[in-house]
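One structure is given here, and the rest of the page talks about it.
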There are 2 protein chains.
Amino acid sequence: MSFNKFLLETLRARGWRVTAARRAVVEALARAGCAADVQTVYRLAKRAYPRLGLVTVYRTLDLLAREGWVQRWEEGGAARYELDQPHHHHLVCLACGAVQRWDRCPVSVREGATLGGFVVTGHRLELVGYCRTCREVVR
Amino acid sequence: MSFNKFLLETLRARGWRVTAARRAVVEALARAGCAADVQTVYRLAKRAYPRLGLVTVYRTLDLLAREGWVQRWEEGGAARYELDQPHHHHLVCLACGAVQRWDRCPVSVREGATLGGFVVTGHRLELVGYCRTCREVVR
DNA sequence: CCTGAAAGTGAAAATGAGTTTCAATAAGTT
DNA sequence: AACTTATTGAAACTCATTTTCACTTTCAGG
């Protein structure tokens, strides 16, 4: 809970208002864990603050992304968000679509590297394959 | 042109019909190069086969992806496709959205590796940053 | 070469994620 | 408490993608 408070207070310090809707979204995001889609965040947040609108979830996630508190990425036609945690990647199951977090980084290109004029500021890696369950079921 | 023929004949051998629409899409895809969006493929293919419908482009790209001839990935709300070429990755510019192909692979996890029950069959890597042009303009 | 069953097609309508608009509401300053 | 202005929710909208369905084409078998 302390992290959420810090996040919200930092937002306030930067001139944004701290509202019930934003509090609910931040809390939902923290509970949702890795790579939650908008609907999941919406459902969780609405539990704590029933008159929350979906639009506000989009707006808040966008705000948090622009302020650097969450990462945004796309998978299967819908965006996913997660609180900006220590550098990690994702294991995406081709059969069931489940996303697992994986804490190692097997990418040898570091921030600031220049590749023929292109300056690298970061990277996104997804390892695709089959999760333990689907591995047995499929094929 | 020979590659396209091979692709189409292989499809036929697997029981799919080779149609004018599919020929046009495959040719467009070959011309489009790296990471073409659906609209680009559609525009190119329609030149060769004017009564082509957009729906058929979606369907054909989907077929080719399922048959393993093209890679599909998502970026900025619209899917991109490209003929499955030798393993490579993409440099995505945060400012202008341009996508460049990059032929090296800095990922040390190989196919077949098992990570706590998850079997890796492949990976997708995007290096994000600023292209030569935007690097000078932005900031 | 014909022919017919089944696959494939295009147009239009439907879906669904995400965005915009706008009048009403609430945060935080005075 | 009053006031200014950011924020909100609902509804309408946009745009990529999918579905439906009546019509067309492919190609295996004659």
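Keep in mind the model is a prediction, meaning the values are calculated, not measured. Every chain is numbered from 1, with letters handed out A, B, ... down the list of sequences.
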- Item | Overall bend - the helix from dC1(C)-dG30(D) to dT30(C)-dA1(D), comparing terminal axes fitted on five pairs, nearest 10 degrees |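 Rounded to the nearest 10 degrees, the bend comes out at 40°.
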Validation: residues 86-99 of chain A side-chain donor-acceptor distances under 3.5 Å, sequence neighbours left out:
residue  : atom : partner   : partner atom : Å
His87(A) : NE2  : His89(A)  : NE2          : 3.2
His87(A) : NE2  : His123(A) : NE2          : 3.1
His88(A) : ND1  : Pro86(A)  : O            : 2.8
His88(A) : NE2  : Glu82(A)  : OE2          : 3.0
His89(A) : NE2  : His123(A) : NE2          : 3.2
His90(A) : NE2  : Glu82(A)  : OE2          : 3.2

- Message: Please check if the number of heavy atoms outside Arg104(A) that lie under 6.0 Å from its CZ is greater than 12.
- Response: no
- Message: Please list all pairs meeting salt bridge (charged side-chain N to carboxylate O under 4.0 Å, His left out) that have one or both residues in residues 46-64 of chain A, counting only residues at least two apart or in different chains.
- Response: Asp62(A)-Arg66(A)
- Message: Could you tell me if the side chain of Leu83(A) sits less than 4.5 Å from the side chain of Leu7(A), heavy atoms only?
- Response: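 In contact.
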- Could you tell me whether the side chain of Arg22(A) reaches within less than 4.5 Å of the side chain of Thr19(A), counting heavy atoms only?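 Answer yes - side chains close enough.
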- Going by the side-chain contact (heavy atoms from CB on, under 4.5 Å) test, name the single residue among Thr56(B), Leu61(B), Leu54(B) that passes it with Tyr58(B). Leu54(B)
- Query: Which distance, rounded to the nearest 0.5 Å, do you find between the CG of Asp37(A) and the OH of Tyr81(A)?
  - Reply: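 Output value for this atom pair is 10.5 Å.
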- Message: If I take atom OG1 from residue Thr121(B) and atom CG from residue Leu127(A), how far apart are they, to the nearest 0.5 angstrom?
- Response: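 Result: 9.5 Å between the selected atoms.
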- Which part of the nucleic acid does Leu52(B) contact within heavy-atom distance under 4.0 Å: base, sugar-phosphate only, or nothing? sugar-phosphate
[N] [atom2] sits how many Å from [X] [atom1], rounded?
X: Glu74(B); N: dT17(D); atom1: CD; atom2: C1'; answer: 11 Å
X: Arg22(A); N: dT8(D); atom1: CZ; atom2: C1'; answer: 9 Å
X: Leu8(A); N: dT7(D); atom1: CG; atom2: C1'; answer: 15 Å

- Item | Span of DNA chain C in contact with chain A (heavy atoms, under 4.0 Å) | dA17(C) to dG28(C)
- Between the side chains of Glu74(B) and Trp73(A), does any donor sit under 3.5 Å from an acceptor? no
- Remaining members of the apolar cluster that contains Val119(A), side-chain heavy atoms under 4.5 Å: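 Traced through the cluster, Val119(A) reaches no other member.
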- Readout for nucleotides 19-30 of chain D: B = base within 4.0 Å of protein heavy atom, S = sugar-phosphate only, - = neither; 5' to 3' it is BB----BBS---
- Message: With a 3.5 Å distance limit and no angle check, can you tell me whether Thr40(B) reaches the backbone of Ala36(B) through a side-chain donor-acceptor pair?
- Response: no
- Report the residue (Leu54(B) or Thr56(A)) whose heavy-atom-nearest nucleotide on DNA chain D is the more 5′ of the two.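 Taking each residue's closest nucleotide, the earlier one in sequence belongs to Thr56(A).
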